Amino acid sequence: MTVHSLETLTFDNSYARLPEVFYAKVSPTPFSAAPFLISANRAAMELLDLDPAEAARPEFAGVFGGSLLIPGMEPLAMLYSGHQFGVYVPQLGDGRAILLGEVTNGRGERWDLHLKGAGMTPFSRDGDGRSVLRSAIREYLCCEAMHGLGIPTTRALCLVGSDDKVYREQIETGATIVRMAPSHVRFGTFEIFYYRKQHEHLQRLADYTIEMHFPELAQAVDKYARFFAEVVQRTAKLIAHWQAVGWSHGVLNTDNMSILGLTLDYGPYGFMDDYDPGFICNHSDYNGRYAFNQQPYIGLWNLSCLAQTLLPFAPKEELKAALDGYQTSVDRHYHNHMRAKLGLVEDRAEDEALLQELKSLMVGSRVDYTIFWRELGTFSSDAEAKNERLREHFLNPERFDAWAVQYRDRLQSEQSRDDERRSRMDRVNPKYVLRNYLAQGAIEKAQQKDYSEVERLLTLLQQPYTEQPGMNSYAAAPPNWGKHLSVSCSS
Ligand code: AMP
Ligand code: MG
């Protein structure tokens, strides 16, 4: 395998070969204060066959901080539109992100290098095209935390800072992150050509997407319907996984929905601390449209928007049939995740009631979602066991005791062995998640130019299921100050 330097990366810019209406060619606007590397993610560098030593070169911060281009890059901002909070906005587009180029690695995998925070583009509207350090850190860490959890997501290559001032509610400093994905095409990329009645472009986009990312469908006569069915399935799988880990996206507009079923566009997201199905992580989401328990339904709503754009090319009944399969698919994936979280191997209808009762107990006592599931691995199925530690989570311990009897019976009915079950559960119930207060701690230090906490969290969260020595405090429930941090779209 060839290991590359920055200069020898191989680019193949397929998006730049699409008609020019698909994008605007635009170069990053350099910061006036020299960019400096805050963190480079070795795991993502490996995906590019990029020599890890390259991160130490000033050119690395230069390229990924928006000051330098390297040969082969063809920077552009992608055009799209989307439904924001249910309302169609006819034009959005990359307002503060630039697709630098597409790198193909030695395994033939293609990765978009998408530089976020590199200045204005023709789609910036009234924005400045910049990202503040705070939001760049949040995206950088959460991409890798989600990947560590096994959830499909864009990846994060590096985080670069600058002393340039960026104006939000207060004055902050700017930063860029480079995120990577096989494609940044969104539901909204389809919507813009549909609503503009540019069916030729729309078909071109669909053909391009199928050819590049769903090549197994390219020759099928009903390729558009089958492509849609695949997007439905991927979206269902993605959202079911979010529900299982207790994560909310916060701004599930159609322009933030990846055509590949990846978690995309990290903004005011949140892992819930106390279990609360109505959890709203985005403080600007006044009506709770994107509340935690709305996400599966919103996925369907967004898929319906996408289905509409394919009406010119695919039979309505086939699109509808694919949509009709969505909820069943979410339920199936969710059920499988939750069964695994309970440590159950066999799939039985009665488990739904067991789970419902547990969730009802958890909500009544505002139990910490991550801690409880992890600790459930320690459940002793010994008839004499009191399971004191688990019991203490609940305001009504007797009701937990009653549940525990049912759970024990259920475990015994499949001859579950406690030690085996625990190691199985530890592989699906994470010990560490990116709680808001942990991200906040890293942000506050970084604002004082201490980036150690960013690095520590990155390393920790890349292995969220593995007990890491000396890191117990990172698995703790938030202190009071950390429970109600305000995160909104302003980033
Ligand atoms: P988001 O809520 O981050 O998905 O962004 C919605 C739209 O606003 C997208 O078109 C973004 O590119 C654009 N946008 C967000 N922040 C900025 C900014 N600081 N400057 C320019 N455009 C932005
Ligand atoms: Mg977005």
Side-chain angles (χ1 to χ4, degrees), residues 1-11 13 26-77 96-105 111-121 128-141 143-144 154-166 172-180 442-443 445-459:
M1 177 78 61
T2 317
V3 177
H4 286 288
S5 68
L6 285 173
E7 289 78 6
T8 64
L9 283 178
T10 323
F11 288 88
N13 300 307
V26 56
S27 289
T29 310
F31 286 118
S32 29
F36 51 86
L37 182 70
I38 294 177
S39 177
N41 176 16
R42 284 183 76 118
M45 289 181 79
E46 268 173 33
L47 297 174
L48 303 178
D49 305 330
L50 197 51
D51 181 355
E54 288 292 281
R57 293 175 58 195
E59 290 84 355
F60 189 87
V63 171
F64 299 125
S67 307
L68 287 173
L69 290 175
I70 49 180
M73 286 180 167
E74 284 186 61
L76 57 87
R96 55 157 169 177
I98 293 176
L99 174 60
L100 292 175
E102 300 161 43
V103 170
T104 310
N105 69 16
W111 291 99
D112 279 4
L113 297 186
H114 218 234
L115 177 62
K116 204 163 165 184
M120 282 168 62
T121 78
D128 57 4
R130 293 293 180 196
S131 296
V132 293
L133 178 62
R134 158 176 61 85
S135 69
I137 291 175
R138 282 176 55 86
E139 176 148 13
Y140 183 72
L141 291 177
C143 285
E144 293 307 294
T154 57
R155 301 294 304 275
L157 178 66
C158 62
L159 178 61
V160 170
S162 159
D163 292 331
D164 275 19
K165 291 184 172 50
V166 174
E172 303 186 47
T173 56
T176 55
I177 87 155
V178 176
R179 63 179 175 193
M180 308 190 343
I443 289 165
K445 281 194 171 163
Q447 287 168 337
Q448 305 304 316
K449 295 209 171 283
D450 172 357
Y451 305 112
S452 57
E453 197 64 14
V454 171
E455 217 57 52
R456 193 169 298 123
L457 284 178
L458 178 70
T459 311

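Keep in mind that this is a model prediction, so the values were computed, not measured.
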Evaluate the side-chain proximity of H4 to T10: yes if any heavy-atom separation is below 4.5 Å, no if none is. yes

Are side-chain heavy atoms of T2 and D49 found at a separation under 4.5 Å? no

Could you check whether any side-chain heavy atom of L133 comes within less than 4.5 Å of a side-chain heavy atom of I443, counting everything from C-beta outward? no

Taking atom CZ as the centre, does R57 end up with more than 12 heavy-atom neighbours from other residues, nucleotides or ligands that are less than 6.0 angstrom away? yes

Please report the C-alpha distance between R155 and E144 in whole Å, then the side-chain angles of each, then the deciding distance to 0.1 Å, and finally whether the side-chain contact (heavy atoms from CB on, under 4.5 Å) criterion is met. CA-CA 6 Å; R155 301 294 304 275; E144 293 307 294; 2.7 Å; yes

Indicate the atoms forming the closest heavy-atom contact of F31 with A175, along with that distance. CZ-N, 3.9 Å

Who passes ring pair (Phe, Tyr, Trp, His ring centres under 6.0 Å) against F60, sequence neighbours left out? F64

Heavy-atom donor-acceptor pair, D112 side chain to H114 backbone, under 3.5 Å: no

Any side-chain to backbone donor/acceptor pair from N105 onto L48? Under 3.5 Å, distance only. no

Got a donor-acceptor contact below 3.5 angstrom from the S67 side chain to the P30 backbone? no

I'd like to know if the side chain of E54 reaches the main chain of L6, judged simply by a donor and an acceptor atom lying under 3.5 Å from each other, with no hydrogens or angles considered. yes

Regarding K449 and D163, does a basic nitrogen lie under 4.0 Å from an acidic carboxylate oxygen? yes

Can you find a pair of side-chain heavy atoms, one from F11 and one from V103, that are under 4.5 Å apart? yes

Minimum-distance pair of heavy atoms, taken over all atoms of S39 and V454: CB-CG1, 4.2 Å

Distance, nearest 0.5 Å, that separates CZ of R134 from CD of E172: 4.0 Å

Is there a side-chain contact between K165 and R130, using heavy atoms and a 4.5 Å cut-off? no

Tell me, do P35 and T176 make a side-chain contact under 4.5 Å, heavy atoms counted? no

Main-chain N/O of S32 paired with D164 side-chain donor or acceptor, under 3.5 Å: yes

Can you check whether M180 reaches L113 side chain to side chain, under 4.5 Å on heavy atoms? yes

From CZ (R96) to CG (D128), nearest 0.5 Å: 8.5 Å

How about L100 and P28: do any of their side-chain heavy atoms sit closer than 4.5 Å? yes

